[in-house]
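Notes follow the structure.
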Amino acid sequence: MVTPPSRHWLVKSEPSVFSIDDLQKAGRESWDGVRNYQARNFMLEMRPGDLVLFYHSNASPSGVAGIARVTREARPDPTARDPESPWFDPRASEERPIWQMVELEFVQKLPRLLPLGELKRTSGLEGMEVNRKGSRLSVQPVTPEEFRIVQDLADRPAPKEG
DNA sequence: GCCAACGTTGGC
DNA sequence: GCCAACGTTGGC
């Protein structure tokens with residue numbers, strides 16, 4: 001399948017580990033520790049300037065919390081070759097680093113967190129990977145239209161239950 | 001904390 | 001190459 005170059009993405013992070021507030025404080029952050037081939041391959045497609053939805057997973061509620069921007073393209077993830085790192089991978093070498101990381105910078109915290117349940121109920125977002133049951137992909141492409149819809153949603157008050 | 005869904009590993 | 005077992009992710 002041929003996919004057109006994407007310039008919009010979604011990354012997941014557990015806020016108890018690293019939240020949008022942490023990214024704001026840090027300003028920029030190396031997105032290391034990704035240990036999934038599909039996620040790595042998407043990071044290889046990332047380019048500086050690409051916009052990223054910052055998703056809080058394993059949270060209450062989980063959902064899109066903010067926006068980030070890619071500031072550096074993929075390069076070898078040094079934590080893969082650091083025996084002290086929780087993400088150490090003994091198979092990684094200088095010639096064959098296996099794992100990659102990008103760098104992200106804080107852009108904004110959304111006016112309100114957009115819960116997963118609301119994303120699922122929003123027309124136009126049916127195709128989003130994060131909406132699929134059992135989806136575990138931590139780096140995923142998002143279409144420009146989906147990105148825009150999510151941004152617009154955050155500017156509106158939360159819909160009433162029902 | 002539970003557990004379904006998933007990706008990876010390894011025996012065969 | 002198949003697939004069961006395992007460890008992990010992530011919604012709830």
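Reminder, nothing fancy here: chain letters follow the sequence lines and each chain counts from 1.
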Check the distance between [N]'s [atom2] and [X]'s [atom1] and give it to me in whole angstrom.
X      : N      : atom1 : atom2 : value
A:R132 : C:dG11 : CZ    : P     : 13 Å
A:D89  : B:dG7  : CG    : P     : 18 Å
A:E129 : B:dA5  : CD    : P     : 15 Å
A:R121 : C:dG11 : CZ    : C1'   : 15 Å
A:E14  : C:dC12 : CD    : P     : 15 Å
A:F42  : B:dG7  : CZ    : P     : 12 Å

*If a pair satisfies side chain to side chain donor-acceptor pair (under 3.5 Å) and one of its residues is in residues 57-67 of chain A, list it, with sequence neighbours excluded.*
A:E14-A:N58

Under the salt bridge (Lys or Arg N to Asp or Glu O under 4.0 Å) rule, collect the residues that match up with [X], sequence neighbours excluded.
X      : result
A:R156 : none
A:D82  : none
A:E105 : A:R28, A:R69

_Please classify the nucleic acid contact of A:S60 as base, sugar-phosphate, or nothing, using heavy-atom distances under 4.0 Å._
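Nothing: the residue A:S60, judged by heavy atoms under 4.0 Å, touches no strand.
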
Check nucleotides 8-10 of chain B for protein N or O atoms closer than 3.5 Å to its own N or O atoms and list the pairs.
none

*So which one's nearest nucleotide on DNA chain B is more toward 5', A:N58 or A:G134?*
A:N58

*ring-ring contact (aromatic ring centres under 6.0 Å, His included) contacts touching residues 45-88 of chain A (sequence neighbours left out)*: A:W31-A:F54, A:F54-A:H56

*Donor + acceptor pair across side chains of A:D32, A:S30 (<3.5 Å)*: no

*Report yes if a side-chain nitrogen or oxygen of A:K133 is closer than 4.0 Å to either non-bridging phosphate oxygen (OP1 or OP2) of B:dA5; otherwise report no.*
yes

